[in-house]
Number of protein chains: 2
Amino acid sequence: MTEDRSLPLRERKRLRTRRALADTALRMFSEKGFEATTLDELVDAVEVSKSTFFRAFPAKEAVAIEAEAELWSAYLAALRERRFSGLVLGELRDALAGAAAALGPGWDERYLATRRLVLTAPALLAYVEHHRTGVEREVVACLAAKLGLDPDDLRLHVLAELTTTAWSVSGRDWVRRDGEGGRAALIRRLEGAFQAVPAALHLSAGD
Amino acid sequence: MTEDRSLPLRERKRLRTRRALADTALRMFSEKGFEATTLDELVDAVEVSKSTFFRAFPAKEAVAIEAEAELWSAYLAALRERRFSGLVLGELRDALAGAAAALGPGWDERYLATRRLVLTAPALLAYVEHHRTGVEREVVACLAAKLGLDPDDLRLHVLAELTTTAWSVSGRDWVRRDGEGGRAALIRRLEGAFQAVPAALHLSAGD
DNA sequence: ATTCAAACGAGACTGAGTGTCATTATGGCC
DNA sequence: GGCCATAATGACACTCAGTCTCGTTTGAAT
């Protein structure tokens, strides 16, 4: 995880400054607050120029949620190379759980810090929502291709959203308990959440 | 719709500038593009100050999606004063359909223009997503209170999201067909979408 | 008419994000 | 090892959204 020896030198350097930015940002934002920390302070601390920052990240918000982005990027990769059989919802659940399990060590702490940070900055919350919607779009496109369905098929959108929602709610609980039990506990929560999904449709107001 | 005679004069004036801003913004953004139109140009055209703009709207994006905001605001109001019985999903569907049906005349055209605009500006898309997530939060809170459930109950989140997703997909189709059939057609599409929801869970990859 | 509060206008100010251009570092090739 | 094309970088000016302050206006109530 520290370094990928096979990559060209240039790429390794790029990734190194990228990680330096993400790590420093997470620390500074957590200490001083997201809005109170300016980009100038961040790039100063990492000793790169603002230009370099915007070549690595599209927005100030993006550098704060690297851990979140890594998860969804791994999830998408897992989905794309997966062979589907049986219930699609189950496949999505397994792809997400597998992706989370396979992330590098130390991801847990970074993700916990990220989620905590998101709770303190409305702009970050909006950005995470937006990011997840983008993921859902790609999931729908991927499923449509694999299953030979229309990308506008409502069922695909529902399935894609159910998955991110299950993650979101599971993660919220996990963070509330300070990430107790680490990543394994988070994934267990996720699988529990998926079991509860079908019950939603039959929920009835029977006082 | 033009004016509510019972309100205090001050409030009427506020609403008038608000509408003027929203209408002019929708026109200018549609003509010149969202990003190409600056706030200064907008407030200049309406002859108010930038201060006044930000007292009426929290962001440049917000003024562009007034029609969208009106819908969800009416939906929330309908939900809150509704008595629930039977399947919750059906109640949500009826509340949303009813709210859409009850909006003032001319809303159709404004909403159509809004959705078209959103397709051209990524920032607007992000803002709409964010706005809808806020609505879902309030729906969850409302349902939790009415049904005596935990606001973290996954089923509530699922139900809230299904509703906005059904609307979103229905609306996309409707816009693609240039709003043919007006609001009635949009609502018919919405109800069709709801019927297709349960099928999502059982979707299976059976090639 | 007077008074009070709330909305308004004007303008300075912060900071994110973009565009340009000169400089520097890298990788491929002789 | 030296050389060249090219891509990343840094420095800097610029635009514009959004905030803040403060003095002025306007509607409402007595």
Side-chain angles (χ1 to χ4, degrees), chain A residues 3-22 24-25 28-29 32-66 117 121-128 130-131, chain B residues 3-22 24-25 28-29 32-66 117 121-128 130-131:
Chain A
E3 204 85 326
D4 192 341
R5 202 60 65 113
S6 71
L7 257 47
L9 184 67
R10 216 178 234 173
E11 205 64 12
R12 274 188 273 169
K13 213 167 183 177
R14 261 175 55 88
L15 290 180
R16 213 155 50 223
T17 60
R18 191 186 170 85
R19 283 202 75 95
L21 280 169
T24 309
M28 292 181 76
F29 292 164
K32 288 196 45 173
F34 175 73
E35 295 180 350
T37 309
T38 70
L39 275 187
D40 286 314
E41 291 171 336
L42 172 61
V43 299
D44 233 49
V46 185
E47 290 182 296
V48 295
S49 70
K50 218 165 52 154
S51 316
T52 302
F53 176 87
F54 280 106
R55 278 182 200 107
F57 297 95
K60 183 188 180 188
E61 286 80 14
V63 75
I65 63 159
E66 258 293 270
L117 194 54
L124 277 182
L125 181 57
Y127 199 80
V128 169
H130 175 239
H131 187 265
Chain B
E3 205 84 331
D4 192 340
R5 202 62 64 116
S6 70
L7 256 46
L9 184 64
R10 217 180 232 172
E11 205 64 12
R12 273 188 274 170
K13 213 167 183 178
R14 262 175 55 88
L15 290 179
R16 213 156 51 222
T17 59
R18 190 186 171 86
R19 284 204 75 96
L21 280 168
T24 311
M28 291 179 77
F29 292 164
K32 287 197 48 175
F34 175 72
E35 296 179 351
T37 310
T38 70
L39 276 186
D40 285 314
E41 291 171 336
L42 172 61
V43 299
D44 233 51
V46 185
E47 290 183 298
V48 296
S49 70
K50 220 166 46 154
S51 317
T52 301
F53 176 87
F54 281 106
R55 279 185 198 104
F57 297 95
K60 182 187 179 189
E61 286 79 14
V63 76
I65 62 158
E66 258 293 271
L117 193 55
L124 277 182
L125 181 57
Y127 198 80
V128 170
H130 175 239
H131 187 265

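Just the heavy atoms: all of them, side chains too, but no hydrogens, waters or symmetry mates, feed the values below.
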remark   = Whole-Å distance, A:Arg14 CZ to C:dA25 P, equals 18 Å
Electrostatic pair A:Arg18:A:Glu66 at N-O distance under 4.0 angstrom = yes
ask   = How long is the line joining CZ of A:Arg18 and P of D:dT9, in whole Å?
value = 12 Å
request  = Would you kindly give the CD-to-C1' distance between B:Glu35 and D:dA17, to the nearest whole Å?
outcome  = 12 Å
task = Looking only at non-hydrogen atoms, find the nearest pair between A:Leu117 and A:Ala64 and report the distance.
result = CD2-CB, 4.2 Å
Over 12 non-hydrogen atoms of neighbours within 6.0 angstrom of CZ in B:Arg14 = no
query = Once you round it to whole Å, what is the distance between C1' of C:dA16 and CZ of A:Phe57?
reply = 16 Å
Sugar-phosphate or base contact per nucleotide [nucleotides 19-27 of chain D; S, B, -; heavy atom under 4.0 Å] = B------BB
Residue whose nearest DNA chain D nucleotide is more 5′ - B:Glu61 or A:Glu47 = A:Glu47
request  = Write down the atom of B:Asp40, the atom of B:Lys50, and the distance for their closest heavy-atom approach.
outcome  = OD1-CD, 3.7 Å
Identified side chain to side chain contact (heavy atoms under 4.5 Å, CB included) counterpart of B:Val63 within the set B:Leu39, B:Leu21, B:Thr24 = B:Leu21
query = Does A:Ile65 reach the side chain of A:Leu124, with side-chain heavy atoms less than 4.5 Å apart?
reply = yes
query = Under a 4.5 Å cut-off applied to non-hydrogen side-chain atoms, are A:Glu61 and A:His131 in contact?
reply = no
ask   = Are A:Lys60 and A:Tyr127 in a cation-pi setup, meaning NZ or CZ lies under 6.0 angstrom from the ring centre and within 45 degrees of the ring axis?
value = no
request  = Starting from P on C:dA10, measure out to CZ on B:Phe53 and report it in whole angstrom.
outcome  = 17 Å
message = How close do A:His130 and B:Ala126 get, counting heavy atoms only, and between which atoms?
response = CD2-CB, 3.5 Å
task = Give the rounded distance in Å between these two atoms: CZ of B:Phe29 and P of D:dC16.
result = 13 Å
request  = Mind running a 4.0 Å heavy-atom check of residues 38-46 of chain A against DNA chain C and sending the residues that fall below it, in number order?
outcome  = A:Thr38, A:Leu39
ask   = Nearest of C:dG17, D:dG10, C:dC8 to any side-chain atom of A:Lys60?
value = C:dG17
